[in-house]
Amino acid sequence: MKSQSLYLYLITILLIFLSGSLFSQQTIKTVPDANTAFAEKWQWALQDAEKTSPNREFWIATSITRDMGVDEFIWSNGDIFAYMHGHHESDQPSLSLILKKQPDASSGVSEAEQLRMAAENALQEAKGLRATRKKVPQEIALMFQYRGKSKRLGDAHNIAIVSMALPFDFDRQVVYWVGHVEQSASLPVFKRMYADARKKRQREQLISIIGMHDNASEVIPFLDEVLKSDETADVREEAAEWLGWQQDVRAVKILVRTAREDRSPDVREEAVEALGQSELPTAETALISFATESRDVDIRESAVEALAHYPGEKSLTTLKKVVFEDPKVDVQEEAVSAIAYRKDDASYATLKAILENHRRPDVREEALDALASYKRSDLPGILKHTAFNDRDEDVQEEAIELMVSQEIGDPLSTLTSVIRTHPNPEIKETAVEVLAHLAADKAVAVLEETIKDSDDRKLKLNALNMLLEMDDNAGIPKLIEIGKTHQDRSIRKRAIMLLGEAEDPRAIDALIEIAGAE
């Protein structure tokens with residue numbers, strides 16, 4: 001799940017996983033006796049599948065209740081894991097409707113209130129604050145896919161975790177619904193499955209099932225034992241990641257120990273990243289220590305990335321220190337990204353300080369890109385000042401390109417000023433090149449002025465080239481005019497050659513006319 005985890009804010013994107021034919025002809029079988037013990041329900045499903053469809057894949061589905069934010073949802077099919085928050089809509093039936101034949105009502109919160117809280121959370125995040133979500137019981141489906149004559153609990157070859165309020169595609173395979181289960185009954189069975197699983201992928205997925213439970217007194221010791229075992233690094237990484245879901249000081253202590261002592265660098269990094277999921281002050285303190293004191297570059301980088309999720313002065317001060325003092329530029333740049341993620345006033349001021357004062361041009365460029373994402377009123381002035389005054393040509397060019405690509409301020413005015421007055425010919429050329437992406441009539445006018453008045457012949461020729469490169473052949477009429485009338489014969493000749501490269505009937509007609517006249 002590690003590299004596959006996606007943190008999405010609009011659940012409607014989930015629909016890319018779905019097709020129009022989902023849920024049709026779906027067969028659901030329910031356990032005959034709802035009072036049967038949970039493990040026996042599972043065995044009944046395995047035995048029935050062996051008798052009725054021994055050569056087909058099938059699913060066994062159950063559900064648990066876990067405290068989650070009112071607008072938080074999970075969707076995983078075993079290959080993709082999405083942890084999402086926000087309002088969701090779908091024209092497909094929810095799992096609650098498919099499996100239980102009833103609308104989802106697990107949150108107990110009205111749709112209007114969900115929307116209000118979703119907007120409040122989005123506003124907090126836009127300001128760079130960690131949203132505090134109201135926790136409510138949410139029903140989560142745990143679904144296990146088996147092949148053919150599977151008899152062992154641990155034989156499931158794929159496992160899915162999906163909020164019951166969301167849809168899921170069973171690909172018309174039979175689903176055995178064994179009902180909702182209390183965590184006290186499900187955890188022992190899933191631990192047995194883990195012990196019974198013969199393949200690494202099965203154990204990885206089962207750790208996510210166990211980690212999804214929020215019974216900390218049982219889940220944390222189990223994950224701790226996995227981390228201390230001789231399991232593969234991939235399995236131990238999964239255990240570290242799910243410890244981050246347990247908002248408990250015991251989990252923080254285990255993750256800190258793992259980040260310092262585990263034999264695998266990948267597991268150590270995952271433990272640090274998992275600390276970023278915690279909302280506890282002790283986790284932030286540990287991350288600050290790792291970010292500033294660890295000798296391991298990857299650990300420092302992971303800690304810096306995780307600190308992006310902690311608002312407040314303490315983490316910002318640490319990130320600023322890393323930007324200016326860490327010996328590795330990759331860590332410095334990661335710290336700039338973490339500051340940019342916060343989106344608050346203090347972070348914006350810090351990015352400006354980095355742009356003005358950092359000695360490395362690549363870090364200043366990173367800060368410049370981050371500032372552009374804020375869309376503040378003083379940003380056009382910052383970009384123009386940088387384009388003229390930064391001590392590195394690459395940073396100056398980045399400022400010019402950002403003005404146009406992100407439509408910041410009045411790009412045409414700034415580009416015109418750069419073309420006319422910038423002391424560096426290379427920067428002037430960059431301005432001419434990006435000018436072609438502005439509104440056609442305005443860009444053509446500036447390019448024409450450059451061709452007419454500039455003393456830099458190379459710049460003139462570059463402006464001619466840009467007339468050819470403009471979108472929708474918007475520069476062709478002016479190129480034709482120059483080819484016919486410009487006083488400088490060499491400029492006219494260059495314009496004529498460019499017209500020969502243009503795939504435009506107007507250019508062909510003009511060339512025929514010019515050839516006849518000549």
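For reference, positions follow the sequence shown, starting with 1.
- Sequence neighbours left out, the pairs with a member in residues 347-373 that pass salt bridge (Lys or Arg N to Asp or Glu O under 4.0 Å) are K352-D378, R360-D362, R364-D390.
- Although no hydrogens or angles enter the test, the distance criterion places no donor-acceptor pair under 3.5 Å between the side chain of S347 and the main chain of K343.
- A donor and an acceptor atom, one from each side chain of T65 and E139, are nowhere located under 3.5 Å apart.
- Here salt bridge (Lys or Arg N to Asp or Glu O under 4.0 Å) pairs that include residues 465-474, with residues two or more places apart or in two chains, number zero.
- Within the structure, ring-ring contact (aromatic ring centres under 6.0 Å, His included) pairs that include any residue of residues 384-415 comprise F388-H422 (at least two apart or interchain).
- Salt bridge E225/K228: present, at least one basic N to carboxylate O contact under 4.0 Å.
- At a threshold of 4.0 Å, the pair D155-K199 does not count as salt-bridged, since none of the basic side-chain nitrogens sits closer than that to a carboxylate oxygen.
- For residues 308-336, the pairs satisfying salt bridge (Lys or Arg N to Asp or Glu O under 4.0 Å) are R300-D326, with sequence neighbours left out.
- Ionic pairing of K428 and D456 is not present here: no N-O contact between side-chain nitrogen and carboxylate oxygen is shorter than 4.0 angstrom.
- Among residue pairs with one or both ends in residues 203-223, those qualifying as ring-ring contact (aromatic ring centres under 6.0 Å, His included) are F190-H213, Y194-F222; sequence neighbours excluded.
- Between K191 and D196 there is no salt bridge, since none of the side-chain N atoms of the basic residue sits less than 4.0 Å from a carboxylate O of the acidic one.
- With a 6.0 Å radius and a threshold of 12 heavy atoms from other residues, nucleotides or ligands, K253 has its NZ atom at or below the threshold.
- Of all the heavy atoms in A367 and L355, the pair that sits closest is CB-N, 4.2 Å.
- In this structure, E273 contributes its side chain and A306 its backbone to no donor-acceptor pair below 3.5 Å.
- The stretch residues 261-302 participates, sequence neighbours left out, in no ring-ring contact (aromatic ring centres under 6.0 Å, His included) pair at all.
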